[in-house]
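Remarks on the structure that follows.
Remember, it's 1-based here, ligands and their atoms both numbered in the order they're listed. Only a predicted model underlies this, so the values are computations on that prediction, with no experimental measurement involved.
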Amino acid sequence: MMIHKSRFAPSPTGNLHLGNARTALFSWLAVRKVGGAFVLRLEDTDQERSLGHYGDRVLEDLRWLGLDWDEGPDCGGPFAPYRQMERLSLYGEFFDRLQAAGNAYPCFCTAEDLEKERQMQLAAGRPPRYSGRCRELGNAGRSRFLEAGCRPTLRFAVPRSGNLRVQDLVWGERNFSLADTGDFVIRRSDGTPAFLFANAVDDALMGIDLVLRGEDHLSNTPRQILVLEALALPAPQYGHLPLLVAQDGQPLSKRHGAASLRDLRARGYLPAALCNYLGHLGHHYPDEEWREMAGLVQDFSLGGISRSPARFDWSQLHYWQSRAIREMDEGALQDWLSPHLTGVVPPALLTGFLGAIRENILLPPDAVEWAGRCFGFPFPEPEVQAALAAVGSAFWEAAEAAFVTCPEDFPGWTRKLAAVSGQRGRNLYLPLRLALTGVEHGPELAALVPLLGPQRVRERLHAAAAHSSNSPA
Ligand code: GLU
């Protein structure tokens with residue numbers, strides 16, 4: 001199969017949803033893998049639902065994710081414009097051609113007429129579809145409606161019998177019965193093209209030969225192919241991606257806390273983590289290794305797309321987020337976190353601090369929390385105070401005495417403390433960790449102690465000792 005050009009064609013009706021971000025990523029990976037071109041097109045003809053600023057946001061979000069495009073609303077291209085509302089005049093010729101060939105006809109049915117028809121069909125136990133009533137209107141009938149000021153839609157005349165076979169890249173061959181495909185609207189009564197029509201025609205005009213999109217569009221495909229065949233325009237290869245669902249099997253929504261790319265970005269998820277995560281979501285890579293963009297491209301395969309619904313899973317996303325943090329170089333780590341740490345971490349200690357905590361954080365607030373633990377005044381919770389008290393003051397005195405002899409030698413300090421106190425392993429490190437950080441888990445103490453500096457270390461050992469001497473034990 002030859003592929004040269006793919007596209008992402010969002011409708012700017014809201015923030016970019018994670019499912020759509022995955023569709024964009026897969027389309028981009030598939031075409032970049034073969035060195036092909038990627039197009040971004042905004043499908044904004046649904047004027048009631050489209051909002052201009054969402055278009056700009058989609059571009060911004062995709063760029064943030066790491067995608068680029070060769071043609072699009074911002075950079076133009078040989079088939080400009082790339083916003084469908086700016087392409088309205090282009091569609092007229094195709095409507096005319098369909099009508100002249102008898103493949104399309106004006107329909108004067110009102111919304112009420114259509115609803116009545118639908119109810120009757122349902123009551124008779126038949127699947128609702130447009131009866132084709134206006135197809136039979138002669139010229140005289142049409143003129144009557146037009147003279148009465150009615151503004152028709154334009155419907156595509158679907159052959160009354162036969163089947164259409166569609167070869168889908170994910171689902172294989174699908175067979176659609178034409179008798180079950182009602183005549184559908186291709187131009188709204190306000191003159192704007194319906195989604196099905198503009199989407200198919202633009203793909204052909206823009207030379208798109210690969211379309212990956214959500215499974216919810218599978219049933220549109222035969223209708224789009226009919227339109228393209230009637231216009232003698234080439235159809236792309238379609239592949240429909242199983243929907244992205246939440247753990248409960250429901251479509252992923254705000255309720256699940258992960259609806260939009262923008263939300264995740266605001267919370268501090270990294271684009272590289274999302275690309276690795278989404279790349280593995282409903283697509284099989286040969287292994288679970290970390291991949292830079294080039295690796296994601298190289299190892300992507302259309303055959304690796306799964307047919308089962310993809311389930312969003314926070315723990316998987318967190319796994320890739322921590323991998324992404326480990327892969328960041330020092331500069332990138334600083335760019336990411338330093339805006340959150342200004343005024344909390346002494347500038348001279350920033351690099352060391354970030355190096356110490358990088359394996360213990362997922363999101364910027366985690367870094368802020370560690371900065372507070374290290375450089376703020378620790379206020380251990382009552383359970384921590386109780387745990388410190390239980391250790392007994394002799395241990396803390398020994399700890400401080402050993403520390404002052406070698407404040408810059410962590411292994412030396414703990415060796416001495418072990419010898420004097422008789423404690424080792426967990427019994428030695430856990431109390432120290434609690435006294436120095438206020439929590440049981442965290443970065444290597446050997447890395448934290450030099451950051452805290454001798455004064456803070458001693459203050460905290462003192463504070464621990466103070467709890468012990470106050471305790472009845
Ligand atoms: N504008 C459509 C959507 O956002 C595009 C579908 C397609 O990719 O063909 O769902």
Side-chain angles (χ1 to χ4, degrees), residues 3 5-31 37-59 61-62 65 67 69 71-73 79 81-88 91 166-171 174 184-186 188 192-228 233-244 251-253 259-262 278 282 302 305:
I3 300 170
K5 209 182 207 187
S6 76
R7 51 68 165 174
F8 180 55
S11 304
T13 54
N15 283 334
L16 191 65
H17 189 279
L18 210 53
N20 284 337
R22 184 180 63 134
T23 304
L25 177 68
F26 281 21
S27 308
W28 183 88
L29 292 170
V31 85
F38 190 60
V39 175
L40 191 67
R41 181 175 74 230
L42 290 176
E43 303 206 318
D44 53 358
T45 62
D46 184 343
Q47 288 295 282
E48 270 168 35
R49 295 177 59 230
S50 299
L51 283 170
H53 69 278
Y54 282 127
D56 300 335
R57 284 194 190 185
V58 166
L59 265 65
D61 289 351
L62 291 173
L65 193 62
L67 307 193
W69 43 94
E71 301 170 32
F79 305 100
Y82 293 90
R83 282 177 208 269
Q84 285 184 329
M85 279 311 277
E86 293 168 14
R87 299 175 60 78
L88 294 184
Y91 304 120
V166 176
Q167 200 61 39
D168 189 273
L169 291 167
V170 177
W171 299 96
R174 283 301 184 102
F184 52 92
V185 172
I186 54 177
R188 301 185 187 98
T192 56
F195 153 73
L196 274 175
F197 177 87
N199 175 273
V201 167
D202 279 349
D203 281 341
L205 296 182
M206 294 177 178
I208 306 295
D209 49 16
L210 171 68
V211 167
L212 293 182
R213 58 185 180 180
E215 191 187 348
D216 47 330
H217 287 293
L218 187 57
S219 61
N220 290 329
T221 309
R223 294 186 277 174
Q224 296 192 293
I225 291 177
L226 288 173
V227 169
L228 293 172
L233 290 173
Q237 307 234 30
Y238 290 100
H240 290 86
L241 306 178
L243 291 188
L244 180 56
L252 196 62
S253 72
S260 79
L261 203 59
R262 202 155 265 258
L278 293 175
L302 286 168
I305 298 175

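Using a 4.0 Å cut-off between charged side-chain N and carboxylate O, R262 and D61 make a salt bridge.
H217 and N220 form a side-chain donor-acceptor contact under 3.5 Å, judged by distance and modelled atom types alone. Side-chain atoms of D202 and Y91 include a donor-acceptor pair closer than 3.5 Å.
Counting only heavy atoms from C-beta outward, the side chains of T13 and D46 never approach each other to under 4.5 Å.
Put simply, the side chain of R188 gets close to the backbone of P193: a donor and an acceptor are under 3.5 Å apart.
With S6 as the fixed residue, the side chain to side chain contact (heavy atoms under 4.5 Å, CB included) test singles out one of V39, V31, D203: V31.
Residues of the protein with a heavy atom under 4.0 Å from ligand 1 are R7, A9, P10, S11, E43, F195, N199, R213, H217, listed by chain and number.
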